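Quick caveat: nothing in here was measured; it's all calculated off a predicted structure. The chains referred to below are lettered A, B, ... by the order of the sequence lines, with proteins before strands, and numbering in each begins at 1.
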Amino acid sequence: MSEANQAFVTLATSDAYCMGSLVVGKCLRRHGTTRKLVVMVSPNVSREACLSLEDVFDEVIVVDMLDSRDRAHLFWLGRLDLGVTFTKLHSWTLTQYTKCVFLDADTLVLCNVDELFEREELSAAPDPGWPDCFNSGVFVFRPSLETHSRLLEHARMCGSFDGGDQGILNTFFSDWAIKDINKHLPFIYNLSVNAIYTYLPAFHKFGHQAKIVHFLGRNKPWHVPHKQQPFTEVPQWDSNRNLEKFVNLWWAEYYSHTKLQENESHELQDAEPIEQLDMLAAAPCSTHVSTLPHRSPTSAASPTTPPPHPHSCESVSQAEDREEKIPSELLGKLTLDASSSSTCHQLEDTSPEPDVLSAEDSEDLEKSEQQEPQAEQKQEEEEGEEVLGAEAASDTARQEALKENLENRKRWEEGRMDYLGKDAFENIRLKLDEFLT
Amino acid sequence: MPLARSISVTSLSGLEEWDEEFDLEDAVLFEIAWEVANKVGGIYTVIQTKARLTCEEWGENYFLVGPYMESNVRTQVELIEPPNAVLRRTIDKMNSSGCKVYFGRWLIEGSPYVVLLDVGFTAWSLDRWKSELWENCGIGVPWFDREANDAVLFGFLTAWLLGEYAAQCEDPPHILAHFHEWLAGLGLVLCRQRHLPVATIFTTHATLLGRYLCAGNVDFYNNLAEFNVDKEAGDRQIYHRYCIERAAARCAHVFTTVSKITAIEAEHLLKRKPDIVTPNGLNVKKFSAMHEFQNLHAQSKARIQEFIRGHFYGHLDFNLDKTVFLFIAGRYEFSNKGADLFLEALARLNYLLRVNHSQVTVIAFFIMPARTNNFNVETLKGQAVRKQLWDTAQTVKERFGKKLYESLLVGQLPEVSKMLDKEDFTMMKRAIFATQRQCLPPVCTHNMLEDSSDPILTAIRRIGLFNSSQDRVKVIFHPEFLSSTSPLLPMDYEEFVRGCHLGVFPSYYEPWGYTPAECTVMGIPSISTNLSGFGCFMEEHIADPTSYGIYILDRRFRSVDDSCNQLTSFLFQFCQQSRRQRIIQRNRTERLSDLLDWRYLGRYYVSARHMALAKAFPESFVYEPHDPTSTTGFRYPRPASVPPSPAHSLHSSPHHSEAEDEEETYDEDLEAEKDRVNIRQPFNLPNKNKSLVEDLPEKN
């Protein structure tokens, strides 16, 4: 079977999950997969987030249930509560591929896992909470329209016992637990890091073999900044050190990605800065881009940046902390414990772009941060020479205003509004009065 | 001693008869609050009790709008199809655009229609809506404030609902939307920003900032005008919430608060003077029998006395018939609720009663829930001992009765000395010995978790009120809500209130104050303050509140020490009253309940609605604000007969002989009649030519 007809599939249902999808795609690439990468996004994901996904994935598929006029649409209307689930089941319609491996956006791949394609539908790892059920965060399947419609029918008839896709899939593939042991993926392909504490000795023994970790539960890695350095306690998570390390690994992966992006976007921006700004103005959601800490202020306008979680922008609040901390020793010293250090070796060994993770690189990064203000000035000067003076000035002014607007909203999001200055209610009142009169 | 009185009064202050031509045929009313079918705090009570009256006025055109909470819907709401075609289309349209909107009847008095919006279901729109809010109003909402983010979702959903409704109407609609509290306020701002054809009313029940400032031990009312509001809100990290609240107040066609005192607060903190004050009412339960509430008082009091007998076993050296029960109840906010002042006043009262060799004993209950480890053993033992004594007495009585019977059967008069034999005496002696007690009756009925730092217990230790026999004031702290299933004091709150003599609520911050209002409708006198909405309202409408059993403490213009002295003198006066005086006072208090009925107070809301309609749709509605000079302002007159004397004999002598009272004339019926003249019945639209006497309502 041709490898070109096989793909890893992931799913993003919000801008926050795009961060996760991005990391999934990026780590698969870094560990040198030979398969295609596909991400399905729901229509509420912002355009900017999609653009940033396009850089990593071979295919970004928008799953819009409202546009389609088929049964699926009707089904969805009947069962609005299963909206997100529906999107996941949609992966069976990817019939351009013969076999796929689905990875949840909250997973982190630690080494090459292409061997998963040797498995058959439906292969998955047991759920830590109920090992007779499989966890639907990682599974192997064969796209088929027939299976898809049967799944939908099944969902409509039986519903989901847990309200999500895992319930539907487990009742649909109900013989998974007993029929074929080859369809049982080892737990190391779907290691639920939040559940480790329940069997700590096992984790110490086998944890270093983990290939895919899964951040189950409410708190996702993008909710928790890895400001805790060197490895201090994180109050939001259980005091599980190991978990913390995986979170830091996740962030390392996230940054390795955005770092690459940055260089590209600089080039892009030189070409057509104003158009991008226009686009930004049209889509206020993109205000998030400014929240990425290690970007230069000008590159904030780049549409390729992934926005952080929209509901709880913790990542934003920690922006500055991250700025100094992205690197050096963090990436160098990411070890899982003396006993489980091999995971780390894997990470370094298999990395096709070791320089991304090297300490030198992060020094560069710091340097470039210092240089950014100058670079920006220079750029503005160049513009001034090229275009008519007045026009350039107004463009710059617009750009400045826009940037300030974004900065401002970010501060509100963090609860740091300037209530004694420009955010005083007097100014809000003026704004209200615009439409009151 | 006749007193000058003003009986010629007509209606509530500032509210003359409204325009009778007000035609509400084609208008619809949406009332929007986070606590519709969702109990969180006091707003729920307001909306729930008011619903019946509003339903009567608006009928099928009245819709409450709240958040969808599954557990609440299951217990309180019957989901049905909307009977109104426009609303049905509106809801269908929204549901097909990715919302979840439910419609039903709220199963409360009046069974109003409710529209429930599933806030969580539209959470994916949060970011888009927050951007819109930011672009249009310059207000952002921090990601970590869940409640505020819910407010954003709820606000956008209500604005969507109202906008969609307006769009679905064939004729230009007259929509009236009434928003309660900041959590719903954003919907109002958006209605105005989108220029929807909606007349808007915003009601704050308490301001956000006021609550925070008072909780922080700030000299609030004296500095009201000086606060830098932006800074205070910002420093307390509630700036975004504050902005939403103030924006709503700013944008509303009509802005209202629940009391005069909150109006002053709003004027300074939200920078808008309320257009009208809309006080909160109750649904007053009327008994068919006159004075039924007096009987209920006697029954409940007997049960409290039983509890006291057990609680003070071994120390029952006071006369329960001369014991006065006081209580304070509410959320455990030590200084906001005035528990600090009450304790201090009790200490002073104790001193006064002792030096005056008073026969009266005062028992003060504190009903304020705190963290506990259940009942303490000593209190439970008290009730058990009492039970045992009762059983012993019953047994002896049985045997006594039997002997008596036998002796009568044989035609002999019983010989008293032989009636009780040795065995009986032994049994009784044993029972009496069991009541011996080494320790004092406990102050607190429960084991407190934070015993050493608890503010009430700390204060009691400082003032030394430990229920010793010399003390005329005893204290019982019940740190749990009352329940009729409690093994200790098996009464619910209402029964308990009925059994007490006086409710004491010397609150520092109390926007309305349902607790004294509830006392009043049950005919129990109460002490409130001129910083509580209730106190202000009563002060305004009654010429001599004290004789009606409404003691209003001045905490606004006096120092704490002076207020404390005043409270002490109120309590002392109350203790001096004879039983008869207390009964008269309760009768008067109970008559005030008409004043607190929604049937009566609802008119303020009516007025606010008319005002809003006239402002938003001046071509269809007219509201004539009445010339304030033409209304004399309603006052309950002084009672026709002489009030229970301590109120005015205060300055003459603290000892008030009961003989004097007996001479005073008191005619219940006459008084009641006169009082009744002074409250106009609601929706009995007044004819200006009618004389006041003709306007007399039928008795219900």
Can you see which heavy atom on Tyr239(B) is nearest to which on Ile428(A), and at what distance? OH-CD1, 4.3 Å

Please round to the nearest 0.5 Å and tell me the distance separating atom CZ of Arg429(A) and atom SG of Cys243(B). 13.0 Å

Can you measure from CG (Asp230(B)) to CE (Met417(A)) and round to the nearest 0.5 angstrom? 11.0 Å

Distance, nearest 0.5 Å, that separates CD of Gln237(B) from OH of Tyr419(A): 8.0 Å

How long is the straight-line distance from CD of Glu135(B) back to CG of Asn405(A), given to the nearest 0.5 Å? 5.0 Å

Of the non-hydrogen atoms in Cys137(B) and Lys431(A), which two are nearest, and what is the gap between them? C-CD, 3.8 Å

Neighbours of chain A found in residues 180-194 of chain B - heavy atoms under 4.5 Å: Val189(B), Arg192(B), Gln193(B)

Check Asn136(B) against Phe435(A) and note the closest heavy-atom contact, atom names and distance. O-CE2, 4.1 Å

Need one label for Asn427(A): side chain, backbone, both or neither, based on atoms under 4.5 Å from any heavy atom in chain B. neither

Under the rule for salt bridge (Lys or Arg N to Asp or Glu O under 4.0 Å), what residues qualify as partners of Asp235(B), not counting sequence neighbours? Lys231(B)

Side chain from CB out, backbone as N, CA, C, O: work out which of these in Leu420(A) comes under 4.5 Å of a heavy atom of chain B, or both, or neither. side chain

Mark yes when over 12 heavy atoms from residues, nucleotides or ligands other than Lys93(B) sit less than 6.0 Å from its NZ; otherwise mark no. no

Which atom names give the shortest non-hydrogen contact between Ala247(B) and Phe425(A), and what distance separates them? N-CZ, 3.6 Å

The interface call for Leu432(A) against chain B, heavy-atom contacts under 4.5 Å, is side chain

Residues, nucleotides or ligands: over 12 heavy atoms within 6.0 Å of Lys273(B) NZ: no

Does a side chain donor of either Asn408(A) or Trp134(B) reach within less than 3.5 Å of an acceptor in the other side chain? no

